[in-house]
Structures are given as C-alpha cells and as structure tokens.
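Single-structure report; data block below.
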Amino acid sequence: MSEKLKVAVLGGTGMVGQRFISILNDHPWFEVKTIAASPRSAGQTYEEAVGSRWKMDGEIPASVKDIVVKDVTDVKAVSEDVDFVLSAVNMSKDEIKAIEEEYAKTETPVVSNNSAHRWTPDVPMIIPEINPGHMDVIEFQKKRLGTTNGFIAVKPNCSIQSYTPALTAWKEFEPYEVVATTYQAISGAGKNFEEWPEMVGNVIPFISGEEEKSEKEPLRIWGKIENGVIVPADDVKITCQCIRIPVLYGHTAAAFVKFKKKATKEQLIEKLESFSGVPQELKLPSAPKQFIQYMQEDNRPQVALDVNYEGGMGVSIGRLREDTIYDWKFVGLSHNTLRGAAGGAVECAELLKASGYINKK
C-alpha cells in the first residue's frame with residue numbers, strides 16, 4: 001500500500017486546480033485520491049468534467065482521468081478518504097471561508113490558494129522560504145475551531161512573489177518605503193488567450209483587488225505572532241499599481257526602494273544570491289535549490305527566457321541600480337501559477353508535512 005499522503009483537490013477543474021493535479025502527478029509525498037468541483041461536474045469522470053478546458057502542457061495525467069468528480073459541497077464525502085485538501089474553489093469569499101472551515105472541522109488540514117482566509121488573524125499565510133515560523137499560529141486556530149488536526153493555511157497572492165523575496169533578503173538594510181508596479185499574466189485571471197482574445201496586443205491598467213493585496217500582504221508575511229494572532233509589520237510602506245499584460249505566464253514587477261541603512265550593489269546582490277530558508281535546508285520536493293537568482297544582463301529577467309527558472313519555483317531579479325529619488329530600483333519576475341499559486345501551495349503543504357502538521361489520518 002502506498003505510503004503517500006492522500007490529497008483531495010477542491011476546484012479541480014479550474015486552472016489552479018489543474019495545475020495542482022499536474023504538479024502532484026508522480027509527486028514523491030502526495031497522491032491525488034479525490035477531485036471535487038461544482039455540482040454540475042459531480043458524477044462525471046475528471047476527463048469528462050474538464051473536457052476541452054484542460055489548459056496545462058501535455059495530456060491529463062492517466063492516474064486521474066477516471067476519478068469520478070465529487071460535489072465540493074459534500075464535505076463529508078470528499079474528506080473521508082483523504083489526509084488533507086488543496087483548495088482552489090471558485091465561490092464567493094464568504095462561501096470559501098465557510099467551506100474551508102467546514103473541511104478543517106472534519107479534522108482535515110486545508111492548504112488554500114484562495115484569498116478568503118488570508119486576513120483571518122489565526123490563519124498563517126506562508127511563503128515557505130520567508131515565514132515558516134507563522135505555522136506556530138495553527139495551534140491557536142485549532143483551539144478556535146475545536147479541532148485536533150484540522151486547520152487552514154494559505155499562500156499569498158501571486159502578485160507579491162516577484163518583489164517580496166528580494167525585500168526580505170535585504171531586511172538587514174531596513175527597507176521602509178517601496179513603490180512597485182506589477183505587470184501580470186492573463187493566467188492570473190484563470191484564462192488563456194483563446195478565452196480572452198481581447199488581451200492579444202492589449203494592456204489593461206486595472207486588476208480588481210490586486211493593488212490592495214500587493215500593498216498589504218507582504219506586511220502580514222513580515223508580521224509577528226502576538227496573543228495567538230498574526231500582527232502585520234508596520235515599519236514598511238508599500239504602494240502598488242497592477243497592470244494586466246498579454247503574456248500567458250509570469251508576473252513582472254518594477255520596484256523602487258528606500259533603505260534606512262546604506263548598502264552597496266555588491267552587498268545587495270550577495271544577499272539575494274545567498275538567501276535561502278527552511279525548504280532548502282529540508283530539501284522539500286518542490287523547493288528551488290536557489291530561491292533567488294540575480295541576472296547581470298541589462299535586458300533580463302524576461303518572461304520568455306526566465307519564467308521557468310528552477311521549475312517555475314525560483315524568483316529572478318535584475319536591473320538593480322541606484323535611483324535619483326529612491327535609493328535603489330530593480331525588476332523581478334516570478335511564475336504566477338507555480339511559485340505564485342499551485343506550486344507555492346504544494347510547497348507549503350510539504351513544509352507542513354515535514355513539520356508534523358499534516359499526517360496520515
């Protein structure tokens with residue numbers, strides 16, 4: 001019998017759900033046991049439910065084609081045969097909050113790609129390389145939920161992954177003011193060019209909710225646990241603009257930073273290249289060997305050349321130079337559906353397993 005942990009993918013027919021299933025195919029620790037989606041997909045095989053809407057490279061993995069999709073709202077049926085769930089459900093925020101807590105209360109850990117619980121005070125929002133210590137808040141959450149093993153953990157928004165790691169690597173120089181503009185791929189909206197032809201050759205200077213997330217979520221990641229909740233950092237101010245551009249994968253950020261302590265370019269690059277965390281120490285299956293790479297070329301990073309760095313789980317930084325108004329400016333790039341979404345959630349689940357929070361039921 002397999003020793004792998006059994007996973008249910010909630011919202012398995014959508015783009016992030018498909019990415020979960022693609023990543024978990026032949027994963028050394030986890031296997032997809034159950035797929036759940038909306039009632040209209042329930043009762044069909046996964047292949048039938050997805051139909052022509054499969055958006056990943058290659059075909060649907062053979063291991064999941066014949067899994068009969070369950071109704072995501074039938075929490076008992078979905079959770080009874082799995083050790084934890086990965087959530088990418090497409091519902092209203094209130095509905096997501098309620099159903100993820102319902103799953104947790106069945107003693108089934110929930111690792112969510114959704115934004116609904118990112119500001120629930122006792123739910124950790126984790127980038128595994130940056131704030132693994134926030135897992136400690138789970139014990140307080142369990143007391144609130146009345147659970148022994150069930151809890152919710154989330155990953156942050158995809159838009160922040162291209163600049164937050166760099167700012168974290170430079171923490172000792174005390175960044176205190178940041179201006180960032182993100183140039184975001186259409187897959188961040190769960191679409192491709194066939195579904196969104198008006199994006200071809202176009203730029204849309206508005207993405208609903210993204211600017212607030214991009215400004216506030218890094219502060220929560222840098223926050224501290226106090227009295228059983230995560231209190232966001234208040235020593236950094238971030239302002240953002242978020243723009244949709246005609247690329248399929250890859251979020252780019254152009255950022256300007258002020259530091260309280262002076263640093264040389266050489267020092268800043270060294271901090272980027274040497275930055276690593278618990279996932280690298282533990283050699284988690286999804287963890288990049290080198291989390292951040294610095295690119296010396298003037299025209300890098302580029303989406304076409306660099307989005308798949310470290311299998312899409314690494315972050316690329318370039319064009320670091322002094323600024324006439326701010327201290328330094330740079331360009332960052334991250335893969336929005338791997339590092340920024342499903343891959344980041346899977347790495348979070350690996351960290352939770354390695355730390356004893358997710359186990360066989």
Side-chain angles (χ1 to χ4, degrees), residues 127-130 158-185 188 203 214 218 221-222 236 238 240-243 245-281 283 286-340 343-344 347:
I127 296 178
E129 285 84 356
I130 294 177
C158 52
S159 64
I160 74 170
Q161 312 279 341
S162 51
Y163 57 91
T164 302
L167 297 174
T168 306
W170 296 331
K171 188 175 180 180
E172 71 176 76
F173 302 114
E174 299 182 24
Y176 69 94
E177 190 173 304
V178 179
V179 175
T181 300
T182 59
Y183 304 88
Q184 300 186 202
V203 169
S214 300
I221 287 167
W222 296 324
V236 185
I238 303 174
C240 286
Q241 292 196 98
C242 298
I243 297 171
I245 62 170
V247 300
L248 183 57
Y249 297 118
H251 287 356
T252 300
F256 300 77
V257 191
K258 287 183 179 179
F259 294 105
K260 291 182 180 177
K261 296 181 179 178
K262 287 193 175 296
T264 66
K265 183 173 182 177
E266 291 73 22
Q267 286 175 314
L268 293 171
I269 291 173
E270 190 279 326
K271 292 298 180 184
L272 294 175
E273 294 181 332
S274 65
F275 186 81
S276 66
V278 172
Q280 285 69 41
E281 294 171 15
K283 295 182 170 58
S286 297
K289 291 181 180 178
Q290 183 172 339
F291 182 31
I292 305 172
Q293 69 168 341
Y294 183 77
M295 313 198 77
Q296 298 284 352
E297 300 92 334
D298 289 338
N299 64 347
R300 304 282 283 276
Q302 293 181 27
V303 168
L305 299 177
D306 306 310
V307 74
N308 290 313
Y309 167 63
E310 288 279 17
M313 290 297 291
V315 176
S316 300
I317 303 294
R319 300 209 69 210
L320 178 65
R321 58 221 192 274
E322 290 188 82
D323 185 58
T324 55
I325 298 174
Y326 281 68
D327 294 327
W328 294 90
K329 52 191 172 186
F330 68 94
V331 174
L333 172 67
S334 60
H335 196 301
N336 58 296
T337 69
L338 287 168
R339 167 52 67 176
E347 188 186 34

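All heavy atoms count here, side chains included; hydrogens, waters and symmetry mates do not.
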Quick one, [X] and [Y] - any side-chain contact, counting heavy atoms below 4.5 Å?
X      : Y      : answer
Arg300 : Ser316 : no
Thr182 : Tyr163 : yes
Pro218 : Val236 : no
Ile160 : Ile221 : yes
Ser162 : Gln184 : no
Val203 : Pro246 : yes

Give me the atom names and distance for the closest heavy-atom approach of [X] to [Y].
X      : Y      : value
Gly318 : Tyr294 : CA-CE1, 3.7 Å
Cys242 : Ser214 : SG-OG, 3.5 Å
Gln293 : Gln290 : CA-NE2, 3.8 Å
Gly312 : Leu338 : O-CB, 3.5 Å
Ala166 : Ile292 : N-CD1, 4.2 Å
Arg319 : Asp298 : CD-O, 3.3 Å

Nearest-0.5 Å distance that lies between atom [atom1] in [X] and atom [atom2] in [Y]:
X      : Y      : atom1 : atom2 : value
Gln302 : Glu297 : CD    : CD    : 9.0 Å
Ile269 : Thr264 : CD1   : OG1   : 8.5 Å
Glu172 : Lys261 : CD    : NZ    : 7.5 Å
Ser334 : Arg339 : OG    : CZ    : 8.5 Å
Leu305 : Leu333 : CG    : CG    : 10.0 Å
Ile243 : Thr252 : CD1   : OG1   : 11.5 Å

List the steps, then state whether side chain to side chain contact (heavy atoms under 4.5 Å, CB included) holds for Val331 with Met295. CA-CA 10 Å; Val331 174; Met295 313 198 77; over 6 Å; no
Exam field: side chain [X] to backbone [Y], donor-acceptor pair closer than 3.5 Å:
X      : Y      : answer
Tyr326 : Val179 : no
Asn336 : Gly250 : yes
Glu310 : Phe291 : no
His335 : Met313 : no

Can you check side chain to side chain contact (heavy atoms under 4.5 Å, CB included) on Leu167 and Trp222, steps first, answer last? CA-CA 10 Å; Leu167 297 174; Trp222 296 324; 3.8 Å; yes
What's the verdict on side chain to side chain contact (heavy atoms under 4.5 Å, CB included) for Phe259 and Leu268, showing C-alpha distance, side-chain angles and the deciding distance? CA-CA 11 Å; Phe259 294 105; Leu268 293 171; 4.2 Å; yes
For Gln280 and Glu129, run side chain to side chain donor-acceptor pair (under 3.5 Å): C-alpha distance rounded to whole Å, both residues' side-chain angles, the deciding distance at 0.1 Å, then the answer. CA-CA 8 Å; Gln280 285 69 41; Glu129 285 84 356; 3.1 Å; yes
Is Lys329 close enough and on-axis enough to Phe256, meaning under 6.0 Å and within 45°, for cation-pi?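 Here Lys329 fails the 6.0 Å and 45° test against Phe256.
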If you count heavy atoms of other groups shown closer than 6.0 angstrom to CD of Gln241, is the number above 12?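 No, not enclosed.
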Are Glu322 and Lys265 within salt-bridge range, i.e. N to O under 4.0 Å?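 No, no charged N to carboxylate O under 4.0 Å.
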Yes or no on ring pair (Phe, Tyr, Trp, His ring centres under 6.0 Å) for Trp170 and Phe330, after CA distance, side-chain angles and deciding distance? CA-CA 13 Å; Trp170 296 331; Phe330 68 94; 5.3 Å; yes
Full working for side chain to side chain contact (heavy atoms under 4.5 Å, CB included) between Asn308 and Tyr249: CA-CA 9 Å; Asn308 290 313; Tyr249 297 118; over 6 Å; no
